[in-house]
Amino acid sequence: MRPPTITDALRARRLLADHLPPTPMWSYPALDAAVGATVLVKHENVQPTGAFKVRGGLTLLAGMDPAERAHGVVGYSTGNHAQSLAYAAARFGAPCVIVMPEHPNPVKERAVRALGAELIEHGPDLGAAAEHAAKVAADRGMRLVSAADEPDLIAGVATAYLEVFEAEPALDAVVVPVGGGSGAAAACMVAAAVAPGCRVIAVQSAASPAAYDSWRAGVPLTRPSRTRVEGLATGSGFPLTQAMLRSHLADFTLVDDDAIAEAQWTLMRDAHTLAEGAGAAALAAVLADPARFAGQRVAVMCTGGNAGEREIRACGGLTAA
Ligand SMILES: *Cc1c(COP(=O)(O)O)cnc(C)c1O
């Protein structure tokens with residue numbers, strides 16, 4: 001599989017121009033003061049599906065051969081990849097089947113159905129859902145779309161980082177949450193091309209360290225996935241995104257789920273932003289080690305805002321008060 005290049009990202013940006021406006025990136029005085037750095041929050045939570053992945057879904061569907069597209073796409077996901085595919089399929093009039101592990105986040109489940117996709121709940125985890133999705137795709141002659149190892153998804157997601165560096169060419173670091181690694185792989189590819197001095201730092205939950213351990217070991221590994229943070233809950237490293245991380249990632253850190261919940265609360269209080277856990281993980285990593293960023297200009301990717309109701313009620317200071 002060929003890794004996408006900056007040329008693919010520029011092409012994706014042209015495709016997406018008809019579908020999505022650029023998202024804002026702001027700093028907030030209280031957040032800057034808490035960290036002792038200029039913290040720029042890239043607001044992917046304001047995408048129409050509530051997460052950055054829609055950039056990838058639209059790019060993939062736009063690039064498909066029309067005959068293949070007419071047969072439709074199958075995805076497996078805990079939620080945001082599903083919404084991305086369902087949204088893009090609806091835009092292009094293509095059938096879409098989504099396989100989710102049983103008992104999905106009701107907010108994401110409702111959103112997928114509302115977008116007109118067929119939803120199948122199968123298996124206890126994403127691995128089981130993935131296997132079933134492959135079977136559905138084979139049986140029905142539909143295109144199976146991986147959650148991470150898809151060059152078109154990564155090229156689409158890379159447009160977020162084109163926007164980041166266009167808005168702030170002199171960043172010292174960009175901090176990216178990782179599940180399958182498409183976002184961090186895209187960040188590495190774009191930074192290497194347009195901002196080689198900017199460190200790309202990846203973050204994963206300590207309770208689901210597959211991508212982290214894969215990167216440290218230099219080979220894709222499988223690990224238990226026990227995080228309650230949906231967007232970060234993956235059990236194995238993906239070969240394509242891992243290869244892209246190896247070529248440019250400056251560092252990879254782990255944060256625990258409670259620190260992520262605390263950062264969700266901080267985003268709510270200081271940045272007027274409702275983030276889902278995965279959308280607050282980058283900030284959690286910065287708050288865990290502010291000295292490392294002192295006086296610098298740091299972008300944190302707020303990748304999504306699809307928090308479930310229970311998650312919102314439980315988050316950080318809401319219960320501590
Ligand atoms: C999918 C997702 C992530 C992780 O992105 P990958 O590209 O899979 O590494 C982070 N945050 C949110 C909100 C997500 O939906």
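Residues take their numbers from the sequence shown, with the count starting at 1. Fair warning: this is a prediction, and the values are worked out from it, not measured in the lab. As the structure lists them, so they are numbered: ligands from 1, and atoms in each ligand from 1. Scope of the values below: all heavy atoms of this structure, side chains included, with no hydrogens, waters or symmetry mates.
Side chains of Arg55 and Thr159: a donor-acceptor N/O pair is present below 3.5 angstrom, by distance only. Counting only N and O atoms by type, the side chains of Arg269 and Gln264 include no donor and acceptor under 3.5 Å apart. Between the side chains of Ser146 and Asp149, no donor N or O sits under 3.5 Å from an acceptor N or O. Thr303 and Glu44 share no donor-acceptor pair across their side chains, judged by distance under 3.5 Å alone.
The backbone and the side chain of Thr303 each have at least one atom closer than 4.0 Å to an atom of ligand 1 (non-hydrogen atoms only). Contact annotation for Glu276 and ligand 1: only side-chain heavy atoms (C-beta onward) come within less than 4.0 Å of the ligand.
Of the protein's non-hydrogen atoms, the one nearest atom 8 (O) of ligand 1 is Gly180 N, 2.9 Å. The shortest contact between atom 7 (O) of ligand 1 and any protein heavy atom is with Ser182 OG, 2.5 Å. Nearest protein neighbour of atom 1 (C) of ligand 1, counting heavy atoms only, is Lys53 NZ, 1.3 Å.
Each of the following atoms of ligand 1 lies closer than 4.0 Å to a heavy atom of Gly304: 13 (C). For ligand 1, the atoms closer than 4.0 angstrom to any heavy atom of Gly181 are 6 (P), 7 (O), 8 (O), 9 (O). Atom numbering of ligand 1 starts at 1 in the shown order; those under 4.0 Å from a heavy atom of Val178 are 9 (O). Distances below 4.0 Å separate heavy atoms of Gly231 from the following atoms of ligand 1: 1 (C), 2 (C), 3 (C), 4 (C). Close contacts between ligand 1 and Gly183 involve ligand atoms 7 (O) [criterion: under 4.0 Å to a heavy atom]. Here is the list of ligand 1 atoms found below 4.0 Å of a heavy atom in Ala278: 10 (C), 11 (N), 12 (C), 13 (C).
Between His122 and His132, the two ring planes are parallel [angle under 30°; tilted spans 30° to 60°].
Among Arg228, Arg310, Lys108, the one residue that satisfies the salt bridge (charged side-chain N to carboxylate O under 4.0 Å, His left out) test with Glu276 is Lys108.
Considering both main-chain and side-chain atoms, Ala147 never comes within under 3.5 Å of ligand 1 through any nitrogen or oxygen pair. Considering backbone and side-chain N/O of Phe52, none are found under 3.5 Å from N/O of ligand 1.
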**Prompt:** Could you walk me through whether His71 and Arg143 pass the side chain to side chain donor-acceptor pair (under 3.5 Å) check?
**Reply:** CA-CA 8 Å; His71 288 290; Arg143 159 83 144 85; over 6 Å; no
**Request:** May I have the step-by-step check of side chain to side chain donor-acceptor pair (under 3.5 Å) for Thr222 and Ser236, ending in yes or no?
**Result:** CA-CA 4 Å; Thr222 298; Ser236 53; 4.9 Å; no
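By the 4.0 Å N-to-carboxylate-O rule, Glu309 lies close enough to Arg313 to be salt-bridged with it.
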